[in-house]
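Here the structure is laid out as structure tokens; the discussion comes afterwards.
Please read these numbers as outputs of a predicted model, since none were measured by experiment. Within every chain, numbering begins at 1; the chains are lettered A, B, ... in the order of the sequence lines, protein sequences first and strands thereafter.
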2 protein chains.
Amino acid sequence: MVRATTERSKEGYHHGNLRVALLASAREMLETQGVAALKLRAITRQVGVSPMAVAPHFGNLCGLLTALATQGFEELAHAIKTGKARSLKDAGLAYIYFAIRNPGLFTLMFRGDAIDRSDPAFAGAAGDSFALLGTWAATSGKAAGFAPQIAEAVMWGKVHGLAILAIDGLLTPLVQATDPHIDLEQFLEQALDYMKAATSG
Amino acid sequence: MVRATTERSKEGYHHGNLRVALLASAREMLETQGVAALKLRAITRQVGVSPMAVAPHFGNLCGLLTALATQGFEELAHAIKTGKARSLKDAGLAYIYFAIRNPGLFTLMFRGDAIDRSDPAFAGAAGDSFALLGTWAATSGKAAGFAPQIAEAVMWGKVHGLAILAIDGLLTPLVQATDPHIDLEQFLEQALDYMKAATSG
DNA sequence: CTGTCATATTTACATTGTAAAGATTACTGT
DNA sequence: ACAGTAATCTTTACAATGTAAATATGACAG
């Protein structure tokens with residue numbers, strides 16, 4: 001019976017701000033129990049509302065998840081922007097840190113079979129984030145004879161791959177083998193430093 | 001009513017080689033309709049068998065998908081091995097090419113909520129593939145002052161990220177912007193060449 | 001107050017995976 | 001060859017999912 005915020009006008013038939021309450025509940029459930037637990041009935045039960053109450057606000061479950069993913073991309077864009085204001089490395093770190101600090105949300109943002117990528121709001125938010133990565137790659141290191149899109153893909157692939165592997169827990173053995181006292185975030189920061197220092201084939 | 005192979009002894013109550021038939025049917029359905037279409041009832045219907053026929057062979061749907069993912073890691077390890085026999089770049093290309101040529105399978109292999117990672121056969125096959133990547137990174141470029149696990153993570157993250165982005169269709173705009181006549185595989189090969197040539201931060 | 005409309009509920013239904021029990025066939029030991 | 005055992009597959013039944021359709025509720029403008 002979590003009513004999400006206290007700003008509700010009254011207890012009654014109409015919730016008042018059900019849209020944000022549903023998003024908040026879904027997001028909490030997403031991070032505590034994973035994307036597999038994102039069932040419509042579970043979300044609405046936690047808010048104290050009937051399952052079909054999502055219809056006026058999101059249409060259906062897919063719409064709710066798409067709105068949540070959209071919110072995720074907006075936050076990701078903001079994180080990259082503020083990171084890039086400091087340094088190029090921080091922009092990459094912002095991408096990775098956002099992913100491992102919001103693992104469920106980040107996973108949902110790239111799950112094409114759970115969300116509706118043709119949704120205008122989602123496409124806009126995702127496009128904004130991707131465009132930021134493009135400018136990031138443009139101002140970063142280049143190599144002669146390669147299209148800028150190649151640089152952008154490599155840049156993006158690096159941070160995205162590390163983020164996904166970290167979320168899936170596949171880096172933890174490597175982290176512990178490096179130093180049992182080290183943190184995952186510290187490990188990833190070293191990885192970004194390594195990328196700058198080494199030429200890697 | 002696809003009976004998968006012709007090696008069936010008789011038409012009858014017992015299928016004969018249902019295990020491989022189910023795996024083949026699931027894999028075909030995986031690549032033609034995506035991981036979201038991997039429903040138990042759809043798979044068994046295509047083989048012409050009742051849904052609960054998976055029980056003796058795989059236990060349940062999760063067991064079937066885990067066996068399929070295990071098979072995928074075995075094939076991936078083989079692809080990396082034969083690629084590494086030629087060059088380091090080919091080892092990376094083998095990883096990426098396997099992913100984009102078996103997009104559904106590759107996606108399934110890393111979907112922790114659809115498979116059982118504690119399954120011994122799966123853990124063994126996945127571990128073998130990951131170990132190969134470790135030796136790959138060890139023989140690749142290094143940088144002073146960094147643990148070998150850092151190099152391994154970066155290496156793995158690069159190819160994994162590009163593979164995931166390519167499967168999700170997020171690289172196609174970049175590919176077309178580069179050259180409308182270019183192929184995705186050619187684009188990715190250039191990306192690997194770029195990684196060798198450029199120092200990237 | 002009254003009509004209108006967005007909001008939320010209720011009911012019903014098709015679909016999912018699977019536990020339990022039964023039917024069918026293969027295999028093994030004598 | 002033949003009985004007994006075990007593996008394989010089917011049937012039935014059930015809980016849980018998302019949602020279409022119809023209904024109820026309340027907010028709000030006139």
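At the phosphate of C/dA8, OP1 or OP2 sits under 4.0 Å from a side-chain N or O atom of A/H57. The side chain of A/N60 contributes an N or O atom lying less than 4.0 Å from OP1 or OP2 of D/dT19.
Residue order along DNA chain C, read from the 5' end via each residue's closest nucleotide, puts A/A53 first among A/A53 and A/R41.
To the nearest 0.5 Å, the span separating CE on A/M29 from CG on A/L68 amounts to 11.5 Å. Annotation: the span from A/Q176 atom CD to A/F187 atom CZ amounts to 11.0 Å, rounded to 0.5 Å.
Put simply, NZ on B/K39 is 11 Å from P on D/dG18, counting in whole angstrom units. We find that CZ of A/R19 is positioned 12 Å from P of C/dA8, with the value rounded to whole Å. In this structure, B/L18 atom CG and C/dT25 atom C1' are separated by 14 Å, rounded to whole Å. Atom NE2 of B/H15 and atom P of C/dA26 are 14 Å apart (whole Å). One interatomic measurement links the two molecules: CD1 of B/I43 to C1' of C/dT18, which rounds to 14 Å at whole-angstrom precision.
The side chain of A/L61 has D/dT19 as its nearest neighbour among C/dT18, D/dC9, D/dT19. Comparing C/dT9, C/dG17, D/dT10 against the side chain of A/M52 picks out C/dT9 as the nearest. The A/S50 side chain lies nearest to C/dT10 when the options are C/dT16, C/dT10, D/dC9.
Checking each of B/F110, B/F106, B/Y95 against B/F73 for a ring pair (Phe, Tyr, Trp, His ring centres under 6.0 Å) leaves exactly one that passes, namely B/F110.
At most 12 non-hydrogen atoms from other residues, nucleotides or ligands lie less than 6.0 angstrom from NE2 of B/H78.
When heavy atoms are screened at a 4.0 angstrom cut-off, B/L40 is found touching base atoms of the nucleic acid.
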